Structure formats: structure tokens, C-alpha cells
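The structure under discussion appears below in the form of C-alpha cells.
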Amino acid sequence: MVSNEDLGNKLDKLKSVVREFIKLIGDDPDRPELRETPERVARMWLEELASGYGRDPDEHLKYFYVNSANYVSTNRLVAVLNIPVRSVCEHHLLPFYGYAYVVYVPSDEVFGLSKFARVVNVFARRLQLQERLTEELADYLFVKLKTKGLLVMIEAIHTCALVRGVEEPLSMVTLTTRGQLSTDSGLRDEALKIIKTGKTSRNLRLLKP
Ligand SMILES: [Zn+2]
């Protein structure tokens with residue numbers, strides 16, 4: 001965690017960078033409507049969009065509990081669905097957002113889950129690639145859940161594709177597996193079926209034409 005003094009220093013520096021940025025793209029940071037923008041943008045980055053830096057996902061482990069609304073359990077698998085993902089693409093510094101789905105083979109250890117969203121945030125609130133985010137989550141959860149098999153899927157809309165380039169809201173799906181969910185195709189099919197029936201893409205659809 002960063003100290004208040006550190007945060008204050010960073011905030012001041014970032015504010016002047018944002019001011020300079022506004023100037024360089026051709027606007028006037030001193031016009032009244034923009035006067036508070038550098039501070040607002042600097043805070044947004046440090047407190048939200050880039051708040052995952054220097055944070056340890058373990059700090060959230062003890063808070064895991066079950067949120068039954070998004071929790072599915074079958075004989076062989078446990079699924080936590082619709083975990084919000086809010087991140088920033090490292091190529092364009094524009095947001096991508098969507099949902100993560102985690103399906104795993106339960107171990108003897110009883111594990112309550114749902115502060116999953118917080119763990120996802122530690123990894124997502126940094127400059128990211130959706131592919132890397134998926135792998136990082138899988139590596140972390142595979143160990144922490146002490147599971148024999150795990151599948152992580154992320155479906156996200158990339159606003160960099162919406163506002164530039166193809167100018168379409170591209171939805172990208174990334175998926176990775178560990179252990180039994182890599183080797184047992186029957187189990188993997190079951191996992192994908194759970195995701196298909198349980199997922200909501202309500203928020204994603206909002207942007208589609
Ligand atoms: Zn991008």
C-alpha cells in the first residue's frame with residue numbers, strides 16, 4: 001500500500017502531466033471547464049484505474065465468502081460467474097470491461113468465494129492485456145484454491161476498438177485451463193456448459209448496435 005505522502009506526490013506530478021497532455025492535444029487547461037480535470041483524472045488513475053499496482057491479492061483471501069446469486073455447484077465442479085472485470089488496455093490506455101468466469105474442481109478444503117471480484121481487481125486495475133490477465137488469474141487461483149482443475153474465461157469489450165480502428169465494440173473471449181480441466185475434455189465441456197447457461201452479458205450488450 002502506498003503512503004499518503006507518496007500518493008500526494010504522485011497526484012501532484014500526475015496532475016501536471018495531465019495539464020501538459022491537455023495542452024499538447026490542442027486545448028486550454030486553464031479554461032474554466034477544464035480547470036479541475038487534471039486533478040480528477042490523476043485521482044481516477046491512482047485511486048481506481050491503476051489501483052492494482054503494489055497490491056497483494058492475498059490480502060483479500062480471508063474475506064472470501066459465497067454469493068449464491070453467481071455461484072453454481074454440480075457434482076464435480078464449482079463455478080463463480082459474472083465477476084466484473086474493469087481494466088485498461090496497455091496498448092491504448094483505454095478501458096476494456098466485461099466479466100470473468102471461474103470454474104474449478106472443489107478440493108477438500110471448504111472455500112467460500114465471492115470477494116473474487118476484489119482479487120480480479122488487484123490484477124485488472126493495472127495496464128493489462130486480456131490474455132495476460134486471464135493467465136495471471138488462473139495461475140493465482142489454481143494455487144490458492146488448492147484445486148486439481150481450473151478454467152478461467154474472460155469476455156470483454158475493448159473500447160479502443162470502439163472509438164478508433166474498426167469503430168466496432170469488439171467483444172473478445174479468452175480462456176485458459178489448468179490441471180484436470182486441461183486434460184479431461186468431458187469435464188471441460190461441462191464447465192463451458194455451466195458458463196453458457198449461467199452468464200449474463202447484459203452490460204456488454206448495451207454497447208452493441
Ligand atoms: Zn487497445
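The analysis underlying the following values was restricted to heavy atoms, covering all of them including side chains, and did not include hydrogens, waters or symmetry mates. Counting begins at 1 with the first residue of the sequence. First listed ligand is number 1; within each ligand, the first listed atom is number 1. Please read these numbers as outputs of a predicted model, since none were measured by experiment.
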(message) For Thr134, give me all partners under side-chain hydrogen bond (donor to acceptor under 3.5 Å, both in side chains), at least two apart in sequence or on another chain.
(response) Thr174

(request) State which residues pass side-chain hydrogen bond (donor to acceptor under 3.5 Å, both in side chains) with Asp184; sequence neighbours excluded, sorted by chain then number. (result) none

(request) May I have the step-by-step check of salt bridge (charged side-chain N to carboxylate O under 4.0 Å, His left out) for Arg125 and Glu48, ending in yes or no? (result) CA-CA 7 Å; Arg125 296 301 200 166; Glu48 293 169 282; 5.5 Å; no

(message) With rounding to the nearest 0.5 angstrom, report the CD1 to OH distance, Ile154 to Tyr99.
(response) 13.5 Å

(message) Under a 3.5 Å threshold, yes or no: a donor from one side chain and an acceptor from the other, between Glu135 and Thr176?
(response) yes

(request) Around the Zn ion (ligand 1), list the protein N/O/S atoms within a radius below 2.8 Å, excluding water molecules. (result) Cys89 SG, His92 ND1, Cys160 SG

Residues 20-28, side-chain donor-acceptor partners within the protein, below 3.5 Å, at least two apart:
| unit_1 | atom_1 | unit_2 | atom_2 | d |
| --- | --- | --- | --- | --- |
| Asp27 | OD1 | Arg31 | NE | 2.8 |
| Asp27 | OD2 | Arg31 | NH2 | 3.0 |
| Asp28 | OD1 | Asp30 | N | 2.8 |

